[in-house]
Every structure is written in structure tokens, then in C-alpha cells.
There are 2 protein chains.
Amino acid sequence: MASSTEENYLKALFNLSNSLGEVNLSELAHGLQVSLPTANSMVKSLQKSGWVNYEKYKPLILTAAGQKEAALIIRKHRLTEMFLVKKMGFGWEEVHEIAEQVEHIHAPKFFQRMDEMLGFPTIDPHGSPIPDNQGRIQEFSYVPLSSCKPGQTVQLTALTNSSTEFLEFLNSRKLALGTQLNVLSREAYDLSLVVSYENHPQETLSEKVSERLLVRVLE
Amino acid sequence: MASSTEENYLKALFNLSNSLGEVNLSELAHGLQVSLPTANSMVKSLQKSGWVNYEKYKPLILTAAGQKEAALIIRKHRLTEMFLVKKMGFGWEEVHEIAEQVEHIHAPKFFQRMDEMLGFPTIDPHGSPIPDNQGRIQEFSYVPLSSCKPGQTVQLTALTNSSTEFLEFLNSRKLALGTQLNVLSREAYDLSLVVSYENHPQETLSEKVSERLLVRVLE
DNA sequence: GTAATAAGTTAGAGTATTCTAACAAATTTG
DNA sequence: CAAATTTGTTAGAATACTCTAACTTATTAC
Ligand SMILES: [Mn+2]
Ligand SMILES: [Mn+2]
Ligand SMILES: [Mn+2]
Ligand SMILES: [Mn+2]
């Protein structure tokens, strides 16, 4: 059984993997806030356990078992976040840190009950998909708001960053998942976008913000 | 901040302490299922952190800080058990193992919300008191059913053992907290008790069982 | 295509937690 | 109270996870 530390490595490998399923050691080390030698030795040990394919100087690749394991931890994380928001009244900006701990609990029934009580949700409070109990993940094809053109109407569906600070920023602008936005114009100089929605006839969003907002284009 | 391991030691010291607040090293080692040298070295390290008073060959005594710390972990454990039973539909025989893990989560708001949602309960699903958020514990003066006399009517209020096996035994006999029992007779040979309650006009409870049932004497 | 830079590896060490083997102190027994 | 037993301690070692320093390989820049 994977330790909490190993589980965090698997999750990081999974989340940092590019479209080819590859990650560099330095990205992994940076993502987990550990030194390069620490990540290096840990990866060797994950290889021994069969979670990772590792060859000197080559990019890291999760094995099929490693991918499934990682997805199941992410499942626990996202179910927990959803439970905290929907059943315990937490704000979406408060739940990540708690879920970061709860995800390591070994108690299948505990997460099964969350799943049932929530009605088997498919996305978490930040719009990310919840892997199913086999570790399969549904892929969505959302686009960043930053890629949208003036005149388009879109619906906010997910985020590529769920830091407390970013979520508090969104709270302050009353931007929630589901909000419909009209793209009014783009400032050529800094690529900021001017949008309108609900009771906000005109709001300017920096590129940094708009590229972290994933939307579905309505028209 | 105490590690999960240290927290488990503090809890064990707290729970195993006699009326003088003392525990032997061997009891501690046995309680935690570790070797004597392991417990010995751990106790020395707990002393360095100020949780335990330790002198060679003397019984172990938790410091005031150690007692409070232990009580606050027990608070998280018991609140969790109550939450699992009352809000998530678990049976009282299923919750201890889960709570054993959840108690180590560092997230004050998480347990505050449980507390609120439960209406600030004072006992857990097994009748044990839930320490308050200052680590203070309400003491009850219950007596073991084994000490009761034929003719007495009592109410089942708590247990001195909450193992899954024992709880499943109680489930099989429809014995729950709150059940009123009439003590009919005691068998002199093996000290078993014959009792009646609800739809059970006659049930024999071994001494092993009756000494683990804590009751309030009604008449 | 070198030279400079970035990325990755090895060596060696430290803390936390655990163990077994050997020994010492304290307690119980007859 | 001396012997037997129980309890507690020390020494030495193993595993998991982490670090810094030193070195090597790979990549990027002229
Ligand atoms: Mn999260
Ligand atoms: Mn985590
Ligand atoms: Mn319990
Ligand atoms: Mn525990």
C-alpha cells in the first residue's frame, strides 16, 4: 500500500504529465517542493514498486498501474472537495487544503458514502472531472476564456488553477461556475478582456485571469 | 506539530493512564503493538517535546500539555465517529477504524463544522464523552452491568470496549445505547446475568459482556 | 561545434520510526 | 531474602524520506 508521500508523488506525476504522459524530474521536484536528489531517489523507489517507468536521463512515465492509482487518489480528493462544499457548507476556496489530507484516508466505504450522498457527481467544485471508481477520467473540451473573441457568449465551466487566492479573487467578482459571460473587447496592449455578466455590465479581466478560466462557447 | 505517530502515542498514554495519571511502559508498548525498546525511545522523544514526564524505571505521566493535546485528538476521533453515524449513515461498529485515521487531520474548521452540524454533541456513538474544544472532559459515573443486582432496572449508557466484534454481538442482540434492561438473575457459577428488555423476555449475558456494558441505574 | 547552462545523478549524511539481541533493574515468589 | 520472573534500558541496525555538495550528462547558445 502506498504511503501518503508516495501517493503525493503519484498525483504530481499524473497532474504534471504532458499529452505523451511524460514529466521531467525537475518539474516533479518543483511541483512537490523537494530537491532534485529527493525526487530522483523517490522515483527510483516508485519504479521498484511498479508505478513508474524510469530510465536514467529519460522523462518519467507512469505505468498503467501508476495512472490508475493516481486517478483513484484524485477521485478521493475531488469527492472530498465536493462533499465539503455541498454537504458541509464550505466555500470552494477552503476545500483544497483539507482534501489534500483526506485523500490519503484508506476507507473505501467512506468515499462510497460521499459519492452516494452527492448523487455520484462527475465534476468537483472547481469544474475538474471526478475519475470513476475504476480510475477512468472523462475528458472535456473546454477552452480558456483568453482564447475567446469579442462578441462571443460563453459559460464558465472550470478552472485551470484552484489556489485560494485565485478563488477569492473570483468570489470578489461574483464569478462562479455556470456564470454566462459576454466578451466585449480585448485590449491589444496587455491582452486583458472586457466582459459583462449578470449584474456586472463591464469588468476587465487580465490575461493571467482569463487564461485560467475554462469556458464552453454558447454562441 | 505532533506527527500521527506521536498523536497515537499521546492518545494511548491518555487512555491507558490509571487514576493517578500513570502508565507503565509495557502497557503502552502492548497497547500500541510496538516493541518495548520502540516505546522506550519514543517516550524519550515525547519528553523532549514536553508532552510526557519520564524518569528511568518510573511510570510515565502525561504533562498538562500532553493531556490537553491527547484530549483534543480524542475530541476529533469522537466527533468523527458521531458524524459518520449521524450524518453519513454508518453503523456504530464501522466507525472506529475510519476515525482512527480522520483524527489526524489538521483542519480546525472541518471538525468545527462537524460539531455544528451535530448540534455540539457531548457523547460519541459508544457513549464515551467528547472532550470540549479546550480539551476538558465531562466525567460520568456509570456502573458496569456486571455489578448490578437482580431486580434492578438500568439503562445502557456506554461501553468500555468498542471493538467491531463486540458491537456486532450487541447488534445481534438488539442492544443499543438507551435500551432499558431488567436484571432478572445472576448465575453464581460463571457470573453470567439473565436480563430482559424490549422484545427479549430472557437473554443471558456472560460476565465478559456484562462488565463491558456501562449502565445508569433507574430503580 | 565548442562553451555555457540546465538537468540529472551519486555520495554522504540526518531525522523519524521501527526492530532484535543483550543486559540491568525492579518486582514477585516460595 | 535469594531465586525466578517481569519490566525497562542500551546498543546496533534497518527503512523511509529528506537534504547539500560534488559531479556528469544533456541541451542551448553563440
Ligand atoms: Mn483540489
Ligand atoms: Mn495530499
Ligand atoms: Mn473509537
Ligand atoms: Mn489514530
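Order of the sequence lines sets the chain letters (A, B, ...), proteins ahead of strands, with each chain counted from 1.
- Regarding contacts with the backbone of D:dT10, every side-chain N or O of B:Y57 stays at 4.0 angstrom or more from both OP1 and OP2.
- The environment of B:H30 atom NE2 is sparse: at most 12 non-hydrogen atoms of other residues, nucleotides or ligands sit within 6.0 angstrom.
- In this structure, CD of A:E22 is placed 15 Å from C1' of C:dA7, rounded to the nearest angstrom.
- In this structure, B:K48 places its NZ atom 11 Å from C1' of C:dT15, rounding to the nearest Å.
- In this structure, B:S26 reaches the sugar-phosphate backbone alone: every heavy-atom distance under 4.0 Å involves primed, P, OP1 or OP2 atoms, never a base.
- The side chain of B:K44 contributes no N or O atom lying less than 4.0 Å from OP1 or OP2 of D:dT9.
- Atom CG of B:L36 is separated from atom P of C:dC19 by 11 Å (rounded to the nearest Å).
- The B:T5 side chain lies nearest to C:dT17 when the options are D:dG8, C:dT20, C:dT17.
- Within the 4.0 Å cut-off from OP1 or OP2 of C:dT10, at least one side-chain nitrogen or oxygen of A:K56 is found.
- In this model, the phosphate group of D:dT18 is approached by a side-chain N or O of A:Y9 to a distance below 4.0 Å at OP1 or OP2.
- Ring geometry for A:F90 versus B:F110: interplanar angle of 30 to 60°, hence tilted.
- Closest-nucleotide positions on DNA chain D for A:Q33 and B:S41 were compared, and the one nearer the 5' end corresponds to B:S41.
- Between B:H30 atom NE2 and D:dT7 atom P there is a gap of 11 Å when expressed in whole angstrom units.
- Taking CZ of B:F120 as the reference point, atom CD1 of B:I130 lies at 12.0 Å (rounded to 0.5 Å).
- Nearest nucleotide to the side chain of A:P37, out of D:dA11, D:dC17, C:dT10: C:dT10.
- We find that CG of B:L25 is positioned 13 Å from C1' of D:dT10, with the value rounded to whole Å.
- The phosphate of D:dC17 (OP1 or OP2) has a side-chain N or O of A:S3 nearer than 4.0 angstrom.
- For the side chain to side chain contact (heavy atoms under 4.5 Å, CB included) test with B:F111, the passing option among B:T80, B:N133, B:L72 is B:T80; the others fail.
- Nucleic acid contact class of A:S45 (heavy atoms, under 4.0 Å, all strands): none.
- Across the protein-nucleic acid pair, B:N8 atom CG and C:dT17 atom P stand 11 Å apart, rounded to whole Å.
- Residue whose closest nucleotide on DNA chain D sits further toward the 5' end, between A:T38 and B:N24: B:N24.
- Distance A:M42 CE to C:dG8 C1': 18 Å, rounded to the nearest Å.
- The residues B:R78 and B:E81 are annotated as not salt-bridged, no charged nitrogen and carboxylate oxygen being separated by less than 4.0 angstrom.
- An OP1 or OP2 oxygen of D:dA26 is reached within less than 4.0 angstrom by no side-chain nitrogen or oxygen of A:K58.
- Between the CG atom of B:L28 and the C1' atom of D:dT7 there is a distance of 13 Å, given to the nearest Å.
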